[in-house]
Amino acid sequence: MKRTEIKKLLERTDFGSLVNVKGWVRTKRGSKNVAFIALNDGSTIKNVQVVVDRNEDNTELLEQVNTGASLSVDGTLLESAGSGQKVEVHATNIELLGKADPNEYPLQPKKHSLEFLREKAHLRFRTNTFSAVARIRHSMIFAIHKFFTEEGFFNIHTPIITASDAEGAGEMFQVSTLDLNDIPKTEDGAVDFKQDFFGKAANLTVSGQLEAELGALALSKVYTFGPTFRAENSNTTRHLAEFWMIEPEVAFCDIYEDMDLAEDMLKYVIQYALDHCMDDLEFLSKRLQDEEKNKKADERSMELIEKLKFVLDKPFERITYTEAINILRNSKPNKKKKFQFPIDGWGADLQSEHERYLVEKHFKKPVILTDYPRDIKAFYMKQNDDGKTVRAMDVLFPQIGEIIGGSQREDDYDKLQQRMIEMDIPQESMWWYLETRKFGSVPHAGFGLGFERLILFLTGMGNIRDVIAFPRTPLNCEF
RNA sequence: UCCUCCUUAGCUCAGUUGGUUAGAGCACCUGACUGUUAAUCAGGGUGUCCUAGGUUCAAGUCCUAGAGGAGGAGCCA
C-alpha cells in the first residue's frame, strides 16, 4: 500500500479507508487492552495517533515500539473517539522498521535543553523544535526566491572560491592544495603560491557582492543566495563561520529605493511565514512562552506571532547616523551614564547597546540607519557631497541587531579609485571591479541579508546555532 | 580575542555555614488500569559529583591549573 504523508492524512475525511503511514514513534501510552502510538514523519509538526488493540500476537512487537523507533503501519482511517485529534489510524498490521533501544536513545518524550540537542545534532531533526525550524527555514528559502522572481530579479551564482582578498568583510578561510607539512617557499621566505592550485592565494568567499555588482550592471536586477564564510573568532548567539546570505544588487537604484527593497522583502517573507507556517509558528510561540515563564513580566519577549504582525503593521523608522547620535546623546541612559560606551561625539561606530536602545526602547520598531561616517564603512560605498558620510544603510531588528547591511555603491571611477588608495585596497587585483566604473557606469545599490538572522527572528530562537542544521563556529565542526 | 557564569543519575536540576549512607521530577524496569493525549496510580536508584593537584580530622561544597559548555562584548550578516 502506498504511504500517505501524515500532513495529508490528517486532512482526510474518507473514514473507513485502508491507509499506510510510516514514521518515528514520539510516545506510546495506553492501558491493558489498547495502546496509543503518536507517530510523526516530519511532514507536519502534528502527530498521527495509531490505535492498537493489544493481543498475544502483538505483545512482543509493542514492547519494541519505543520513542524513536520507526514503523510502517497499515490500518483503517477513522474519526477519533478521543478528544485530542480528529482522525486516527486503527492498526491492522505494524511493521517495526527500525528499533530504538530506550536505554540508549538519547531523546526522551520531554523537554531537552538546546545545548544538549546541539551535541546530538544528528538526531535533533527529530524533535518538534528543530523540525519546525527546518520547515520554516525551507519556506523562507522559497519565499525569498519567489519575492525576487516576482520583482523581476535574476538569481546568479557567485563564486565560493575567490582570489580577491579585498572585500574587507572579515577574516578569510584559505583554500589551498599545498602540502601543509611541506609548504613551498620563495627565495625571500614567503609561501610560494605560484605552486598552488590556482597559482595564487585563494580563499572562501566572505561576500558575493562585488561579483553581484558585475551582474547588476548588465541584468539590472540580480541577487545571490549562497554560502558565506568568515574565519572570525566570534563566539556569540548571532555569528557563524559558515552562513547563508542573500545579496540583491540593483542598477539605476539609489539608497532610498534600496531601503524600500529591503523593507518590502522583509515584510513579504514574514507575511509568507504567517500564511504558510502557522502550525510551526504556534508551536514555537508556545515553546518560547514556556521557556520564559520564569522570567519577570517586563523581561519577557513579545508573543512570537504578535511580534511578526507588529513588524508588518508599521513602516520601519528611517533616520541618519547623525540623527541617531543626537537621540542617543540626549537619551536617559547616556545622561545617567548607563551606557558602557557613552556617546560624546560624532564619528564613532554605534555599539550593540546603542542599536538596541534605538530599536527596542526609543522607536520600538525596526530602524534603518543611513549616512554613516565614511571612515567606519567600506571603500565601495557612495560618498555624500558633505565629504564626511557615505550612503550606507543598516536595518536593525529587535533582539537580532543588524539583520541587513547595505549601501549605494560608488559609481564614480575617480572617487572609487581615490578611496581605494586611501584605504590601502590593492587596485591591481581589483582591476575588473574598477573597470565597471569606466564603461557605462550607473548608480546602483544593494544589501546583504543574513539568512540565519532572519530565521532567528521568525522562529524566536535565541541562538543562531539552533537555526542551521550543522552550525560551524570556532572549535565546532563535529557533524 | 576579552569578561562573567556553569559542569552532580540517561535527561532537567536541587544539594544550606565544609559534616557522616548523595536527592527530586522525567526516562527506564515491575505491577495495576476498558480510549489515552508528554496517560494515571503503586513499587524499584541506575552516580568517576568534569579532570588533576592542594587545604582540612572531614570536600559535591574551599583554593590552583586544565578540559568542555553557556551568556555578554568586539568583529559583522
Side-chain angles (χ1 to χ4, degrees), chain A residues 25-38 46-54 63 66-68 78 80-85 88 90 100-120 127-128 167-171 206-209 226-247 262 290-291 294 339-341 349-353 355-356 376-378 394-397 400-406 447-457 462-466 468 473-476 478:
Chain A
V25 176
R26 284 294 166 77
T27 63
K28 181 185 66 176
R29 51 183 178 264
S31 62
K32 195 177 185 178
N33 301 317
V34 64
F36 302 95
I37 301 164
K46 292 172 181 163
N47 303 324
V48 68
Q49 170 155 286
V50 175
V51 185
V52 191
D53 289 321
R54 287 183 195 270
E63 271 174 20
N66 305 112
T67 300
L78 288 175
S80 180
S83 60
Q85 58 283 317
E88 61 191 20
H90 285 238
D101 184 342
N103 291 313
E104 290 180 56
Y105 186 62
L107 302 183
Q108 301 299 335
K110 59 161 288 189
K111 195 162 190 150
H112 286 100
S113 70
L114 296 171
E115 292 84 358
F116 172 73
L117 293 172
R118 235 169 265 158
E119 290 168 10
K120 304 273 180 281
T127 64
N128 286 330
E167 289 160 356
E171 293 294 314
V206 292
S207 164
Q209 181 202 315
T228 309
F229 307 89
R230 306 261 168 103
E232 301 285 350
N233 191 7
S234 296
N235 295 287
T236 79
T237 54
R238 55 188 190 285
H239 286 88
L240 291 165
E242 176 183 300
F243 64 100
W244 290 73
M245 189 152 66
I246 295 104
E247 295 179 286
D290 201 43
E291 193 165 82
N294 293 328
F339 283 142
Q340 197 189 336
F341 299 93
D349 207 351
L350 299 179
Q351 306 290 322
S352 282
E353 56 179 348
E355 296 179 351
R356 290 188 72 129
I376 59 173
K377 288 290 180 184
D394 285 359
V395 181
L396 309 177
F397 262 37
I400 317 292
E402 187 178 340
I403 196 167
I404 280 179
F447 61 80
L449 166 71
F451 184 60
E452 281 76 15
R453 289 189 181 175
L454 174 68
I455 304 299
L456 217 43
F457 179 75
N463 193 315
I464 202 162
R465 293 161 205 165
D466 298 328
I468 186 168
T473 54
L475 301 176
N476 181 3
E478 179 73 18

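Below, all heavy atoms of this structure are taken into account, side chains as well, without hydrogens, waters or symmetry copies. Residue numbers start from 1 in every chain, and the chains themselves are labelled A, B, ... in the order their sequence lines are given, proteins ahead of strands. All figures in this text were calculated on a predicted structure; none of them were measured in a lab.
Between B/rA22 and B/rU46, the distance separating the two P atoms is 11 Å to the nearest Å. The same atom, P, is picked in B/rA32 and in B/rU16; the two are 42 Å apart, to the nearest Å. Taking the P atom of each, B/rC63 and B/rC26 are spaced 35 Å apart, rounded to whole Å. Remark: the separation of the P atoms in B/rA58 and B/rG25 is 35 Å, to the nearest Å. Comparing B/rC28 with B/rU1, their P atoms are spaced 43 Å from each other, to the whole Å. For the C1' atoms, the distance from B/rG47 to B/rC13 is 15 Å, rounded to whole Å. Using atom C1' as the reference point in both B/rA9 and B/rA14, the two lie 13 Å apart (nearest Å). As rounded to the nearest Å, B/rU30 and B/rG71 have P atoms that lie 40 Å from one another.
The A/R465 side chain lies nearest to B/rA70 when the options are B/rA70, B/rG35, B/rA27. Of all nucleotides listed (B/rA73, B/rA70, B/rC76), B/rC76 comes nearest to the side chain of A/R453. Between B/rC76, B/rG35, B/rG71, one nucleotide has an atom nearer to the side chain of A/N463 than all others, and that is B/rG71. The side chain of A/F116 sits closest to B/rC11 out of B/rG35, B/rA77, B/rC11. Relative to the side chain of A/R230, the nucleotides B/rA77, B/rU34, B/rG35 differ in distance, and B/rA77 lies closest. With B/rA73, B/rU1, B/rA77 as the choices, the nucleotide that has an atom nearest any side-chain atom of A/N233 turns out to be B/rU1. Side chain of A/T236, nearest nucleotide from B/rG74, B/rA77, B/rU36: B/rG74.
Judged purely by atom type and a 3.5 angstrom limit, A/T236 uses its side chain to pair as donor or acceptor with the backbone of A/R238. A/E452 places no side-chain N or O within 3.5 Å of a backbone atom of A/I468 that could act as its donor or acceptor partner. Formation of a donor-acceptor pair under 3.5 Å by the A/R26 side chain with backbone atoms of A/P109 is not found in this model.
Across all strands, A/G82 comes closer than 4.0 Å to base atoms (heavy-atom distances). As judged by a 4.0 angstrom heavy-atom cut-off over every strand, A/L107 is placed among residues making no nucleic acid contact. At the heavy-atom level, A/N235 lies under 4.0 Å from base atoms of the strands shown.
Closest of all the heavy-atom pairs between A/G208 and A/E247 is N-OE1, 2.7 Å.
Contact annotation: A/S234 side-chain N/O to B/rU1 OP1/OP2 distance is not under 4.0 Å. Within the structure, every side-chain polar atom (N or O) of A/N33 is placed at least 4.0 Å from both OP1 and OP2 of B/rU34. Residue A/S113 places at least one side-chain N or O closer than 4.0 Å to OP1 or OP2 of B/rU12. Between B/rG72 and A/T237, a contact under 4.0 Å exists linking OP1 or OP2 to a side-chain N or O.
Residues A/R238 and A/L449 each lie close to RNA chain B; by heavy-atom proximity, the contact nearer the 5' end of the strand is made by A/R238.
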Its dot-bracket string being built from Watson-Crick and G-U pairs below 3.5 Å, with | for another strand and [ ] for crossing, RNA chain B has the pattern (((((((..((((.....[...))))((((((.......))))).)...(((((..]....))))))))))))....
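Summarising the geometry, atom CG belonging to A/N66 is positioned 7.5 Å from atom CG belonging to A/D101; distances are rounded to the nearest 0.5 Å. To the nearest 0.5 angstrom, A/I400 atom CD1 is 12.5 Å from A/E355 atom CD.
Atom NZ of A/K111 sits in a crowded spot, with more than 12 heavy atoms from other residues, nucleotides or ligands closer than 6.0 Å.
For A/Q340 and B/rG74, a side-chain-to-base donor-acceptor distance below 3.5 Å is absent, hydrogens and geometry of angles not being considered. Counting atom types as modelled, A/Q85 pairs a side-chain N or O with a base atom of B/rU36 as donor and acceptor under 3.5 Å.
A stacked arrangement is assigned to A/F243 and the six-membered base ring of B/rA77, with a centre-to-centre distance below 5.5 Å and an interplanar angle below 30°.
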